[in-house]
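Chain naming here is simple, since letters A, B, ... match the order of the sequence lines and numbering starts at 1 in each.
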Number of protein chains: 2
Amino acid sequence: MNFSIAEENYIKAIWRLQQSDSNVTTNELSAELQTKPASVTDMLKRLKEKKILNYEPYYGVKLNTDGKKIALGIIRRHRLWEYFLVEKLKFEWDAVHVIAEELEHVSSPELIERLDHFLGFPKADPHGDPIPDSSGRMETTRHISLHQLKEQQPAVVSGVNDQSSGLPEILRQKKISIGTKVEIKQRFLFDGSLEIKIRNQPLITLSEQLAKNIFVTPL
Amino acid sequence: MNFSIAEENYIKAIWRLQQSDSNVTTNELSAELQTKPASVTDMLKRLKEKKILNYEPYYGVKLNTDGKKIALGIIRRHRLWEYFLVEKLKFEWDAVHVIAEELEHVSSPELIERLDHFLGFPKADPHGDPIPDSSGRMETTRHISLHQLKEQQPAVVSGVNDQSSGLPEILRQKKISIGTKVEIKQRFLFDGSLEIKIRNQPLITLSEQLAKNIFVTPL
DNA sequence: TTATTTTTTTAGATTTGTCTAAATTATAAT
DNA sequence: ATTATAATTTAGACAAATCTAAAAAAATAA
Ligand SMILES: [Mn+2]
Ligand SMILES: [Mn+2]
Ligand SMILES: [Mn+2]
Ligand SMILES: [Mn+2]
């Protein structure tokens with residue numbers, strides 16, 4: 001089956017929301033996609049027709065097996081393009097999400113397989129998010145935000161928020177990137193800021209805002 | 001101003017038809033775009049509203065200065081992507097046109113400038129068609145089809161039809177590619193076939209059909 | 001349990017891009 | 001100069017994707 005750009009954006013949004021909350025509501029989707037709830041209802045009815053999700057009026061929606069596979073195909077395209085934009089075209093990684101939102105809808109399977117090969121079959125995109133393989137399999141990363149990390153618990157930076165602009169600049173200055181080993185030494189309740197220890201570096205301070213945009217995997 | 005995918009496809013089609021025939025008709029466009037003449041009329045009225053072309057009901061259409069600039073932007077994107085697909089992803093050049101038809105509509109100027117840089121500022125796409133620069137300037141190639149070339153007139157292959165599938169295979173077998181020096185030794189009126197001389201090679205035979213899909217610049 | 005608030009759906013309208021069938025205009029033929 | 005043919009436009013319809021305003025249902029509070 002073939003999906004329009006609008007349909008693909010809905011499918012991807014449902015998939016994303018479904019990760020944290022298995023049942024996705026109309027209002028959640030409307031917020032995620034910047035549309036009105038009435039438009040969401042219309043689209044859900046159309047996608048139900050196409051048999052890729054279970055939609056129960058008033059009770060929310062959930063992608064079925066086919067729907068999930070389609071979503072992972074779109075996510076694969078999105079993340080491969082993001083990797084291309086950063087690794088080959090030398091974009092900063094806070095600029096690529098918007099462009100990949102468009103590129104992900106180019107629908108040639110052969111294009112994506114060749115792109116994957118050209119890029120050397122990357123496992124993760126520039127934000128640390130795993131790239132599904134051509135059959136839709138993807139490693140489930142179990143990472144939490146640095147803000148949620150316990151004190152004195154060593155962890156490695158495994159991801160960053162893909163939407164926030166200006167993040168690369170501040171992380172470069174703080175000498176933090178994906179793969180950096182970190183540990184929270186002190187947390188201030190006053191403003192949520194953190195004192196962080198990085199190997200061979202003096203203690204550095206991170207704001208709550210910043211810590212919420214960095215994701216880590218505890219060791 | 002911003003243009004939809006449908007609008008961009010019309011603009012590009014008008015530009016192409018306008019090259020051989022300054023005044024473009026509704027039926028020509030309808031054939032080129034595989035739509036009905038009535039749909040063309042509707043779109044021409046919309047594009048006239050946007051002031052990128054001169055459209056006189058019953059008398060055809062012509063892009064104005066703004067329209068031509070927009071067209072060249074789309075053509076630039078199309079041809080840069082084609083170059084990328086062949087040079088980097090190793091597609092055969094008969095497969096790339098369809099994919100570039102989609103990629104050309106991704107609308108980030110920064111993306112295209114970086115892609116151009118990444119590719120080393122190529123001057124022509126895989127079919128020998130010139131790539132406009134970022135301000136829309138493009139060398140005007142004056143090439144004719146090999147079928148139209150005069151006998152005994154040396155010429156160099158400067159382009160191939162970008163739409164015909166199977167062309168790379170036969171040209172590889174005949175040892176013809178862009179840059180090859182050719183000369184027609186004999187033309188058979190019976191079937192329009194040609195006897196061609198290529199440097200250091202025995203005479204080869206080309207069908208009329210094939211000769212019409214190869215473009216040359218007389219020396 | 002009833003009333004209030006919030007969420008969601010329905011009804012009806014709009015824009016874009018397409019179509020078919022009919023009417024109109026231009027062009028070619030007699 | 002009519003008439004016939006071909007090209008083009010208009011009229012009216014439709015699907016996709018969106019919206020606003022109103023109605024309905026569900027969740028929450030009193
Ligand atoms: Mn998108
Ligand atoms: Mn990403
Ligand atoms: Mn196109
Ligand atoms: Mn081309």
Side-chain angles (χ1 to χ4, degrees), chain A residues 1-14 17-18 20-63 67 70-71 74 101-102 104-107, chain B residues 1-14 17-18 20-63 67 70-71 74 101-102 104-107:
Chain A
M1 209 179 315
N2 236 40
F3 296 92
S4 70
I5 292 175
E7 286 172 333
E8 288 192 343
N9 285 334
Y10 272 88
I11 294 166
K12 198 153 59 88
I14 296 166
L17 293 170
Q18 180 167 303
S20 41
D21 191 3
S22 136
N23 199 265
V24 179
T25 70
T26 301
N27 267 7
E28 282 167 356
L29 270 170
S30 133
E32 179 85 8
L33 290 163
Q34 315 263 57
T35 57
K36 302 293 162 180
S39 311
V40 173
T41 301
D42 287 348
M43 180 60 93
L44 292 181
K45 283 193 272 190
R46 276 197 295 274
L47 292 178
K48 184 179 185 166
E49 286 293 303
K50 296 200 170 187
K51 299 188 192 305
I52 61 165
L53 47 75
N54 303 314
Y55 164 55
E56 211 53 62
Y58 294 105
Y59 289 95
V61 68
K62 196 186 283 204
L63 292 175
I70 294 158
I74 304 165
E101 275 299 319
E102 292 193 54
E104 70 189 0
H105 304 293
V106 174
S107 64
Chain B
M1 207 179 314
N2 236 41
F3 296 92
S4 70
I5 292 175
E7 286 171 334
E8 289 191 342
N9 285 334
Y10 272 88
I11 294 166
K12 197 153 59 85
I14 296 167
L17 293 170
Q18 182 167 300
S20 42
D21 191 3
S22 139
N23 198 265
V24 179
T25 70
T26 301
N27 267 7
E28 282 166 357
L29 270 170
S30 134
E32 179 85 8
L33 290 163
Q34 314 263 58
T35 58
K36 301 294 161 179
S39 311
V40 173
T41 302
D42 287 347
M43 181 59 94
L44 291 181
K45 285 194 271 189
R46 276 198 294 275
L47 293 178
K48 184 178 186 169
E49 286 294 303
K50 296 200 171 187
K51 298 189 193 305
I52 61 165
L53 48 74
N54 303 315
Y55 164 56
E56 211 54 63
Y58 294 104
Y59 289 95
V61 67
K62 196 186 284 204
L63 293 175
I70 294 158
I74 304 164
E101 274 301 318
E102 291 193 54
E104 70 189 358
H105 304 293
V106 174
S107 65

Taking [atom1] from [X] and [atom2] from [N], how many angstroms apart are they, rounded to a whole number?
X       : N      : atom1 : atom2 : answer
A/Leu44 : C/dT8  : CG    : P     : 10 Å
B/Leu29 : D/dT9  : CG    : P     : 10 Å
B/Glu56 : C/dA26 : CD    : P     : 11 Å
A/Leu47 : D/dA16 : CG    : P     : 11 Å
A/Tyr55 : C/dT10 : OH    : P     : 6 Å
B/Tyr58 : C/dT27 : OH    : P     : 11 Å
B/Asp42 : D/dC14 : CG    : P     : 16 Å
A/Glu8  : D/dA17 : CD    : C1'   : 15 Å

Minimal non-hydrogen separation, [X] against [Y], with atom names:
X       : Y        : value
B/Leu47 : B/Ile11  : CD1-CG1, 4.3 Å
A/Leu53 : A/Leu44  : CD1-O, 4.1 Å
A/Glu8  : A/Glu104 : OE1-O, 4.1 Å

Once you apply a heavy-atom cut-off of 4.0 Å, does A/Pro57 come out as touching a base, just sugar-phosphate, or nothing? sugar-phosphate
Which part of the nucleic acid, if any, lies within reach of B/Ala6 when heavy atoms closer than 4.0 Å are counted: base, sugar-phosphate only, or nothing? sugar-phosphate
Does a side-chain N or O from [X] land closer than 4.0 Å to OP1 or OP2 of [N], or not?
X       : N      : answer
B/Asn27 : D/dT8  : yes
A/Ser39 : D/dT18 : no
A/Lys36 : D/dA21 : no
A/Tyr10 : D/dT18 : yes
A/Ser4  : D/dA17 : yes
A/Thr41 : C/dT10 : no
A/Thr26 : C/dT9  : yes
B/Arg46 : C/dG17 : yes

The criterion is salt bridge (Lys or Arg N to Asp or Glu O under 4.0 Å); which residues satisfy it with B/Lys62, sequence neighbours excluded? none
Given DNA chain D, 5'-ward residue of the pair A/Ala38 and B/Glu28, judged by closest heavy atom: B/Glu28
Do B/Glu32 side-chain atoms and B/Leu17 backbone N/O form a donor-acceptor pair below 3.5 Å?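 Answer holds: no.
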